[in-house]
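Heads up, the thing below is written out as structure tokens.
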Amino acid sequence: MHTAQVLCFTLLSETSPQALPLGAACVLSALKNSPLTAKKARFSLDFLSLEDDFFTSCKSDEQKAEKLALRMEKLFPNCKIFCLSVYVWNRSILDLTVKLLKKRLSSSVFIAGGPEATANPHSFFDYDYTVSGEGEKTMPLLVESILLGKEICTIRGVYKNKNESKSQNDIPLKEGNFRELYGEGFSIPPKIDSNRAETADLSTLSSPYLDGTLDIKKFGGALWELARGCPFKCSYCYESKGENCVRYYNLERLYAELDFFKKQNISQVFVLDPTYNADKKRALQLLREIKKRTHNIFFHFEGRAEFLDKDIAVALASFPCSMQFGLQSAHKEVLKNVHRSFDKARFVKNISLLNRSGAIFGFDLIYGLPGDSFAGFKESIDFAISLRPNNLELFCLSVLPGTKLFEEAFSLGLVWHAKPPYTVVSTKTFSENDLKMSEQLSKAVSVFYTLGKAVPWFLSVLHLTGKTASAFFESFADFAGEKLSYIIEDTCENFDVIEKMQIDFVQKMLSKKKNQNTLDIALDLIRLNGALGRCTAYNVESTVSLHYHPDDLMSGYAEDILTFAQIAGRQKCKAHVFMTKNGADWKTL
């Protein structure tokens, strides 16, 4: 029996399939299957979520770290090697945890890996080693060397740390205080060491799903990695930093994983490939196999609008799935500052293919980009909403160590937080107050539009108000106040609460118009679509009282509420909404 124990651990951001510990599982799978380490130790995977009840009583990162350290000390008192996957959301807590464990488990070795370690390997002062880059090829070499007591000096991507703890305050980073925080070894503009681990041939890697490393039934879904790398060089992202090409997993493995997902009866799969549709032939082939091999599993893709065409749009509409597009900004000159191209006319044309096919899609927007402003951000929201996305995800810009943006940040006039998540504090054109207003506006969009599933009726109601989308959401932010934060932080999203807020706000906005018919139509659309949305998402039956017949409300005529009010006859009725094998349906009572 092996006496040495090796643990792969990570702290998840949330309890969901999207936060599944795939990185740690991939490393563990490689260690279990490598001839260098397979017979030299016992290997374990462990993880917690920041949403777990375990952390309920903790009010600070220090308290969370203390509790986590006690747990790990109790469960793994004789663990020889702790391998930790470090991300933006868990960096602070894991750093504090390791500092405590180093004192309590003095004979243990602590290794940091993951995106944070790759981005800035020199900043992990309390760990024994840092691995920069992919871990599947490097970690077996490192772990074997530690277990056998070998000297470690020539393994690519491995940094031996000096264990010199430094205190780093979370103050806004700017050129004047950078050396004070990061040390004299960093240049201005700051460039992070690029000595990365050697990448493996993806065809040689074992699947953590197929070899039993990951139990996806615990998550109800999976992260499905199709490729590594990205053909684009957006400066705020380190997806392709150090990579010269996109590497793909072989189709044989992917088909086997699809069959496994089906057998496990999971509900959704998040696809890890930031440019899924870049290779059209491969994208279509996989879409056909997904449709053929899986049923009732919802797939979430990421893609680029410039690669869309009719074939892809039709294929995406043929089975349960959605595709998310990183729009980021509607302004070409702003995107140029982060090395990203944008052809607005082509973007509009290609997205229209999705609307015509009936495919589900969404956009990402970033506020705080260099050269952008609060007014520009609102224009981006207006542009995005005009294209009828099913969701709109909005984020504050983060200046991630290891990215091109990090190197160019001072010349662009950015000020940002020294600690994760490294969000921007201000720019030359985006004041600190503007960023706070953008954050509140983003919450309003998320609650009213995305969580409120408003896409089927939003533009119709918006037209009645005479406002732009961003002005509408600003007014809603004022109306909702602190409730926005409570709803977003509540992981058990309460659709009924959001719908009531939508109705109350629209009623307030349209009551000034003094047209009872248009108000009744707008509220009928919200209630009926809300019932259909609940039924589709949660399989919840309900009955709604309406002023107009549901068949009329769900016809194309209702998209123009003013015209509909003139031609449609009022007909008070109740509609019972229920689920069928073909989706949500209704019948009048």
Side-chain angles (χ1 to χ4, degrees), residues 1-10 20-47 76 78-86 107-114 117-118 121 127-160 195-216 222-229 242-243 245 247-257 259-260 272:
M1 182 177 178
H2 304 301
T3 56
Q5 182 179 23
V6 177
L7 174 71
C8 288
F9 178 86
T10 193
L20 176 148
L22 182 60
C26 285
V27 170
L28 183 61
S29 180
L31 290 169
K32 290 195 308 183
N33 290 284
S34 171
L36 297 175
T37 51
K39 297 181 179 180
K40 292 184 174 68
R42 291 176 291 114
F43 299 99
S44 304
L45 175 68
D46 188 37
F47 53 86
F76 311 102
N78 301 311
C79 185
K80 175 65 177 176
I81 303 174
F82 289 86
C83 310
L84 297 103
S85 289
V86 189
S107 62
S108 298
V109 176
F110 295 85
I111 303 171
T118 298
Y127 299 74
D128 295 289
Y129 299 96
T130 308
V131 174
S132 176
E134 297 177 12
E136 289 95 343
K137 199 163 185 177
T138 294
M139 284 298 291
L141 291 169
L142 177 57
V143 168
E144 183 206 30
S145 297
I146 294 171
L147 293 175
L148 298 181
K150 293 181 180 179
E151 181 66 26
I152 300 165
C153 57
T154 59
I155 303 175
R156 271 184 56 183
V158 175
Y159 295 78
K160 184 173 174 58
N195 172 36
R196 283 195 176 189
E198 185 178 354
T199 57
D201 179 349
L202 296 186
S203 66
T204 66
L205 299 183
S206 53
S207 166
Y209 294 117
L210 302 179
D211 72 3
T213 300
L214 266 174
D215 180 5
I216 56 177
L223 288 175
W224 191 31
E225 189 177 31
L226 307 186
R228 292 185 182 179
E243 293 284 341
C245 63
R247 295 175 293 139
Y248 293 103
Y249 284 96
N250 63 64
L251 293 176
E252 182 181 4
R253 164 176 164 150
L254 298 181
Y255 294 161
E257 288 179 331
D259 293 338
F260 175 75
L272 295 181

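A salt bridge links Glu225 and Arg228; the closest N-O separation between the charged side-chain nitrogens and carboxylate oxygens is under 4.0 Å.
Looking at Ser132, its side chain does come within 3.5 Å of a backbone N or O of Thr118 through a donor-acceptor pair. Counting only distance, with no hydrogens or angles, the side chain of Arg156 and the backbone of Thr199 share no donor-acceptor pair below 3.5 Å. Looking at Ser85, its side chain never comes within 3.5 Å of a backbone N or O of Thr10 through a donor-acceptor pair. Looking only at distances, no side-chain donor or acceptor of Thr130 sits under 3.5 Å from a matching main-chain atom of Ala112.
One distance of note links CZ of Phe82 with CG of Asp46; it measures 9.5 Å at 0.5 Å rounding. The CD atom of Glu136 sits 8.5 Å away from atom OG1 of Thr204, with the distance rounded to the nearest 0.5 Å. Note that CG of Asn250 and CG of Leu202 are 9.0 Å apart. Values are rounded to the nearest 0.5 Å. The NZ atom of Lys160 lies 10.0 Å from the CG atom of Leu142; values are rounded to the nearest 0.5 Å. To the nearest 0.5 Å, atoms CG (Leu31) and CG (Leu45) are separated by 11.0 Å. Here CG of Leu272 is found 5.0 Å from CG of Leu223. Values are rounded to the nearest 0.5 Å.
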Q) How far apart are the C-alpha atoms of Lys40 and Val6, what are their side-chain angles, what is the distance that settles it, and do they pass the side chain to side chain contact (heavy atoms under 4.5 Å, CB included) test? A) CA-CA 10 Å; Lys40 292 184 174 68; Val6 177; over 6 Å; no
(Q) Go through it in stages, so that I can follow the logic: the residues are Leu147 and Ile81, the test is side chain to side chain contact (heavy atoms under 4.5 Å, CB included), and I'd like the CA-CA distance, side-chain angles, deciding distance and then a yes or no. (A) CA-CA 9 Å; Leu147 293 175; Ile81 303 174; 4.1 Å; yes
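Residues Leu141 and Val158 fail the side-chain proximity criterion, which asks for heavy atoms closer than 4.5 Å. Proximity of Tyr249 to Leu226: side-chain heavy atoms (C-beta onward) are nowhere separated by under 4.5 Å. Side-chain contact between Ile155 and Val131: absent, with no pair of heavy atoms (C-beta onward) separated by less than 4.5 Å. Here the side chains of Leu20 and Phe47 are not in contact, with every heavy-atom distance at 4.5 Å or above.
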Output a table of donor-acceptor pairs, distance under 3.5 Å, between side-chain atoms of residues 21-30 and any protein atom two or more places apart or on a different chain; print 'none' if there are none.
| unit_1 | atom_1 | unit_2 | atom_2 | d |
| --- | --- | --- | --- | --- |
| Ser29 | OG | Ser206 | OG | 2.6 |
| Ser29 | OG | Asp211 | OD2 | 2.5 |

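Not counting sequence neighbours, the partners of Lys150 by the salt bridge (Lys or Arg N to Asp or Glu O under 4.0 Å) test are Glu144.
The shortest heavy-atom contact between Pro140 and Thr37 is O-CG2, 3.4 Å. When all heavy atoms are compared, the tightest approach of Thr213 to Lys32 is OG1-NZ, 2.9 Å. Listed here is the closest heavy atom pair of Lys80 and Ser107: NZ-O, 4.0 Å. Residue Leu254 comes nearest to Trp224 through the heavy atom pair O-CZ2, 3.5 Å, listed as atom of the first residue, atom of the second, then distance. The minimum heavy-atom distance between Asp128 and Ser108, with the atom names listed, is OD2-O, 3.9 Å. Of all heavy-atom pairs between Ala200 and Glu134, the closest is N-OE1, 4.0 Å.
In this structure, Phe110 has its ring center no closer than 6.0 Å to that of Tyr127.
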